[in-house]
Structures are given as C-alpha cells and as structure tokens.
Amino acid sequence: MENTATLIEKLVNKQTTHNQLSTAQLVEASIRRNEGQLTDKGALAVTTGKYTGRSPKDRFIVSDAKTENTVDWGEINQPIESEVFDHLFKKVVNYLDERNELFVFNGYAGADEDTRLNIRVVNEFAWHNLFAKDLFIEPDTKEEGLNIDPGFTIVSAPTFKADPEVDGTKSETFIIVNFTERIVLIGGTEYGGEMKKSIFSVMNYLLPEEDVLAMHCSANVGKDGDVALFFGLSGTGKTTLSADPTRELIGDDEHGWNKKGVFNIEGGCYAKAIDLSKEKEPEIYGAIKFGTVLENVWLDETHTPDYKNKDLTENTRAAYPLKHIENALIPSKSGHAKTIIFLTADAFGVLPPISKLNKDQAMYHFLSGFTSKLAGTERGVTSPEPVFSTCFGAPFLPLHASVYANKLGELIDEHNVNVFLVNTGWTGGEYGVGERMNLKYTRSMVTEAISGNLEKGEFVTDEAFGLQIPTSVKDVPSDVLNPRDTWSDKDAYDKKANELIGSFRENFKKFGNESADFAEKGGF
C-alpha cells in the first residue's frame, strides 16, 4: 500500500478539496450542505446524531515498537495492531476520495512556539473544519497555514461506518491514534469533541518527552502576572470560574507548563451550554456569535437557542475561538502558576467549600481526581456516586499517571505554588437533601485564594478529611465554611463522610505500591 503521507496528500490536493477556508466560507459551506443553521446571534447550530458525546470504548492506540513499552495500556488506552490500522486507514481514504468535497485546516496545538505541534485536520464535514479552526490555534495568514508541514494529522470521516467483524473495531465507531504514523483516524461519529480530545491525548504523550507537563485544566492571569490553574472534571465549574472579568483568560481546558510558564494548547473554548444564561456566565454567553459552533442546542422557531432544553442531550456544547472572549490573553501564554485550584462537585455534601492543601495532599487529590455522578444523569443511577479520574483527565493520559503527578509535584516545589480544593457541589446535605453551593460564594472564595488574602487568615483542621478550612472568607457567610456545621443531622454527616473516605481509599489501590507513599502522606 502507498504510505500514509502519500494517501493524505492525495486527499489534500484533490480538485474539490477546500484548504484553509475562512470562517465565513465554512459557515456558508455548512449551510449550503445542510449541515446546520444559523441562530439569531449568527452562531452555527448543528446536531451530531447518534453520538452526542465521546465514545471512550471505541478509542484505540496503535501498539507497535514505539508505544508497546511506553503507553499505560488498559481499559482507557486500548491497543490495536498496526495491520488493523493500515487496513482501515486505506478504506477511509478511499471513502473520502469519493466524497464531493473535503475540507482541510492547518494550524497548531500549543501557544508556545518552542513546544507547539503543527497539525492538519482533514474533514468530510464543513462544520467539523470550522470546529477545528475554532478550537486549534489558527495561523496568522492563509499563506502561513498552507505552508505548514504537519507533525500530526486528523483524518475524520463521520459517515464512514466500520464493520467490526471485518475491520477489527468494537463498533461502527473508531478513534485510533497512531504515534508512529502521527495520524488520528476518526470514523462513525459526528461528535466534534473527538478531534479536540484526540490532539490533547497526543500532547499528553509528546510533551513529557520534552519535560513539559500537559494538564487538563483552565487558566487565567491577573494584572500582576499571577497565573491560576483550575483542574476539574465536567460540571465542576472549570470553564465558569476561569472566565473572570477581572483577569485575562489563558484558556478553558487544556494547557502545558514548560520552563517559561503556562501556555494554552488550544486556540478556542469548548464550553458546556446546558442552562447557560447571560446572568450567570456572561463571558460565555457573549462569546456565542458568528463563528461559534453550537452542538445539539435546541432552537425555537425564531432560531433562538433554548439552553435549558435537554431533548437532544444534556451535553450541549459551544465551540468558539478565544478571541470571542473579551478578556482573552492572545497569544495565550504567560508565566508560572502561583495558585492551583482543584475543583470537585461533591454531591455527598461532605467536603469543605474551600480548603488549603499541603504538597502531599495536593499530590493525593491530583491522582484521585474526584467528583460525583448525579442521580438522573445516567440510567440506573438513583443516588450520587463517586467518580475518580486520574489527574482530572484519565481518558486523555497515554502514559502512567505517575509521570504527570511527579512532574506536577516538581513544579509545585520549584515555584512555591499554593494549592486549594474547592467544592462546587452540595452543602447542608447530599444531593436531593442539601443545596448546591452558591456560585457567588464560590467566586469569592476563589478570588480570595488567588489574591493571597486567604492564606493570611486563620484555619482549622477538618476532623473527617484532615483538610485546612479557613475560619472566614470575605463576602462568604462563615456558617457555610465547615461542612459538618451545615448538616442538621451530624451523625448522618459522619456516616456519609466515612463512606466517601472509603471510596477514596478503594480507588487509590489501583495505583499500587509505587503510589503508597502518596496515600500515606496525603490521604485520609
């Protein structure tokens, strides 16, 4: 078979392939091809069909001489043979070669020029190409983009359905990363997030080779250059809390930390849109305009988005370039982090709304990556369940967790970083009994932590988790700071806290003896 580079060039140079189209051209093409429709504010609204989220069980990494001893193989990083990839890749290329039109975007992953990755995205859909243009870093000129020599290429064929018995996949859908050929092959799914997260996984493999930490976090910076990082899983407030009108946004989801400081891996944001409102999240709400892609958001007869409507999915999304945020920092890179915030939405209502972590506790909570799954979000979930995602990004970590944890520990020590655990979840009882922590209070706590004012006050030790809880925070009622005090039934609190502690301990066993030191020094 022809080599992969030759096959890709064949697609890129087709007479009907569109290279480096502008936003307006891609929106126009999407509408012409009936891929989407304009909203009242000029955003492009699309639906993604059967798949309205990622398909982690259909994600593979090619196992070969380069990866067999470096990738942390398992349920997340599933191996697939080179021969299977080669066979499927040729079928996809032939399939795309028969399409009337293709769309190609060349750009970058990584705002720091020293460690950025040149990327190419080959799409069957025009709106997918606009998504890539929004989410990755765009070249300054079309000519610059056309001359980029890609270091990694995404080939996306959403309408190509694999045959598992013939093609060696688990279903019609596949997301395959080949580090030797430097290709991401995607088929059988229209969900745009697969492209974004595939490149993030690639960066999580490549950056540690250059002694750079890749992080699943948002980041912003104050006028004095004080960078803050926000780690957290979906629904914990990562995007919301980093979008602060008093600080410049570096990025909302994916970052690297090298010898010069923190930089955004992306050129855009991919924000959850469910229940979005101008009052609660004005920066995100204002970013949804011409050039933005809205995924699976319901439109009324006037094409006005109904952000509360969950008929298509609860995982509605808005993809937009950083320049749509008024206070975005462009280029999106700054100095070293001064503050790290670990966000969790504790639906058990037992963790403090904010607590200060020492280095050992920081390592323990980073490896744990805790949040909660709520009743009603999935079939069979009738009460809150603990969710643990290593380093707050387990689905995107090709290497062993210790690689990322040890590097973060080094950076915390080197730059004397303050680390806080912030619970954006429930207070006064578990989900269904208590209430969600007031966002206004959470913003005040985060502001005080980042400013350095919080650490100047007094702290008490939480008896259940051994965490340091402030006795007072500006603009926050003191009676919400200690979670046990917010429960009317103290015995019920103690029981629920012990349940969660047991879940933490059980989860940490998966790291084995090599991480026992983290559990002993930073756990509970």
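What's counted below: heavy atoms across the whole structure, side chains too, no hydrogens, waters or symmetry copies.
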Report the distance from atom CG of N118 to atom CD1 of I148, rounding to the nearest 0.5 Å. 5.5 Å
Take E101 and R32, measure what salt bridge (charged side-chain N to carboxylate O under 4.0 Å, His left out) needs, and give me the verdict at the end. CA-CA 12 Å; E101 293 178 289; R32 170 174 55 80; 3.0 Å; yes
Keeping K133 on the side-chain end and G291 on the backbone end, is there a donor-acceptor pair under 3.5 Å? no
Tell me whether the rings of F366 and F342 are parallel (<30°), tilted (30 to 60°) or perpendicular (>60°). parallel
Would you tell me whether T4 and E181 have side-chain atoms, one donor and one acceptor, within less than 3.5 Å of each other? yes
Report yes or no: is the cationic atom of R116 (NZ for Lys, CZ for Arg) under 6.0 Å from the centre of the six-membered ring of Y108, at an angle within 45° of the ring normal? yes
Pair R317, K272 - check side chain to side chain contact (heavy atoms under 4.5 Å, CB included), show working. CA-CA 5 Å; R317 295 276 179 170; K272 291 196 85 167; 3.6 Å; yes
Donor-acceptor contact present, side-chain H255 to main-chain V262, <3.5 Å: no
Does one side chain, of T159 or E124, offer a donor that lies under 3.5 Å from an acceptor on the other? yes
Rounded to the nearest 0.5 angstrom, the OG-NE2 distance for S234 and H216 is 8.5 Å
Taking the six-membered ring for Trp, are Y95 and F160 closer than 6.0 Å centroid to centroid? yes
Correct closest heavy-atom pair for G393 and S389 would be N-OG, 3.6 Å
Just checking, is any N or O donor in the side chain of T313 or N315 under 3.5 Å from an acceptor N or O on the other one? no
Spell out, as yes or no, whether a donor-acceptor pair under 3.5 Å connects the side chain of N220 to the backbone of I250. no
Rounded to the nearest 0.5 Å, the CD1 atom of I176 sits from the OG1 atom of T169 at a distance of 7.5 Å
Are T6 and E9 linked by a side-chain donor-acceptor pair shorter than 3.5 Å? no
Any heavy-atom pair between the side chains of F105 and H18 that's under 4.5 Å? no
Answer yes or no: is there a donor N or O on one side and an acceptor on the other, between the side chain of N258 and the main chain of G261, under 3.5 Å? yes
From OG (S242) to CD1 (I341), nearest 0.5 Å: 11.5 Å
T442 backbone acceptor or donor facing T424 side chain under 3.5 Å: no
Does T304 offer a backbone N or O that forms a donor-acceptor pair with the side chain of T39 under 3.5 Å? no
Any side-chain heavy-atom pair of I80 and F174 under 4.5 Å: no
Nearest heavy-atom neighbours spanning I61 and P398: CD1-CB, 4.3 Å
Presence of salt bridge, E75 and R59, under 4.0 angstrom: no
Can you confirm whether more than 12 heavy atoms, excluding those of K440, are under 6.0 Å from its NZ atom? no
Within the 3.5 Å criterion, strictly below it, is a donor on Y270 or T239 matched to an acceptor on the partner's side chain? no
For the pair I119 and T153, evaluate side chain to side chain contact (heavy atoms under 4.5 Å, CB included) and give the outcome as yes or no after the intermediate values. CA-CA 6 Å; I119 59 171; T153 299; over 6 Å; no
Would you say Q25's side chain and S22's backbone share a donor-acceptor pair under 3.5 angstrom? yes
Is R443 positioned over the aromatic face of Y441, cation under 6.0 angstrom from the ring centre and no more than 45 degrees off axis? no
Could you check whether the rings of F179 and Y205 sit parallel, tilted or perpendicular, using 30° and 60° as the cut-offs? parallel
So D253 and K197, salt bridge (charged side-chain N to carboxylate O under 4.0 Å, His left out) or not? Walk me through it. CA-CA 10 Å; D253 196 47; K197 288 304 185 185; 2.6 Å; yes
For a salt bridge (charged side-chain N to carboxylate O under 4.0 Å, His left out) check, start with the C-alpha distance between D252 and K238, then their side-chain angles and the critical distance, and finish with the verdict. CA-CA 7 Å; D252 81 324; K238 184 159 49 76; over 6 Å; no
Between Y285 and S277, is there a side-chain donor-acceptor contact under 3.5 Å, judged purely by atom types and distance? no
Are K333 and E113 ion-paired here, with the side-chain N under 4.0 Å from a carboxylate O? yes
Would you say the side-chain atoms of T48 and N296 include a donor-acceptor pair closer than 3.5 Å? yes
Please indicate whether E165 has more than 12 foreign heavy atoms, meaning atoms of other residues, nucleotides or ligands, lying under 6.0 Å from its CD. no
Checking side chain to side chain donor-acceptor pair (under 3.5 Å) between R120 and each of N19, D149, N106, which is the one that passes? N106
Can you see whether H303 engages K41 through a side-chain donor-acceptor pair at a distance of less than 3.5 angstrom? no
Under 4.5 Å between any side-chain heavy atoms of F370 and V387, yes or no? no
Indicate whether any N or O donor in one side chain lies under 3.5 Å from an N or O acceptor in the other, for T240 and E281. yes
Nearest heavy-atom neighbours spanning P164 and E172: CG-N, 4.3 Å
Report, as yes or no, whether the 6.0 Å neighbourhood of atom CD on E326 holds more than 12 heavy atoms from other residues, nucleotides or ligands. no
Closest contact, heavy atoms only, H128 versus P158: CE1-CG, 3.9 Å
T17 side chain vs N13 backbone, donor-acceptor pair below 3.5 Å: no
Measure across G251 and N264 and return the closest heavy-atom pair with its distance rounded to 0.1 Å. CA-ND2, 3.3 Å
E144, CD: over 12 other non-hydrogen atoms inside 6.0 angstrom: yes
Ignoring hydrogens and geometry beyond distance, is a side-chain donor-acceptor pair present between K57 and Q78 at under 3.5 Å? no
Carefully, step by step, assess V104 and V121 under the rule side chain to side chain contact (heavy atoms under 4.5 Å, CB included). CA-CA 6 Å; V104 177; V121 188; over 6 Å; no
If only atom types and distance count, is the side chain of T236 paired as donor or acceptor with the main-chain N or O of A345 below 3.5 Å? no
Report yes or no: do D300 and T302 form a side-chain donor-acceptor pair below 3.5 Å? yes
Are D346 and E430 side-chain neighbours, meaning at least one heavy-atom pair lies under 4.5 Å? no
Measure the shortest side-chain to side-chain distance between S444 and K474 over non-hydrogen atoms and say whether it is less than 4.5 angstrom. no
Full working for side chain to side chain contact (heavy atoms under 4.5 Å, CB included) between V92 and V155: CA-CA 8 Å; V92 170; V155 177; 4.1 Å; yes
Closest non-hydrogen atom pair between P353 and M437, with its separation: CB-CE, 3.5 Å
Just so I know, are the side chains of I284 and Y320 near enough to count as touching, which here means a heavy-atom distance under 4.5 Å? yes
Going by the angle between their ring planes, with limits at 30° and 60°, are F396 and F200 parallel, tilted or perpendicular? tilted
Could you check whether any side-chain heavy atom of K196 comes within less than 4.5 Å of a side-chain heavy atom of I265, counting everything from C-beta outward? no
Is there a side-chain contact between F103 and V122 (heavy atoms, below 4.5 Å)? no
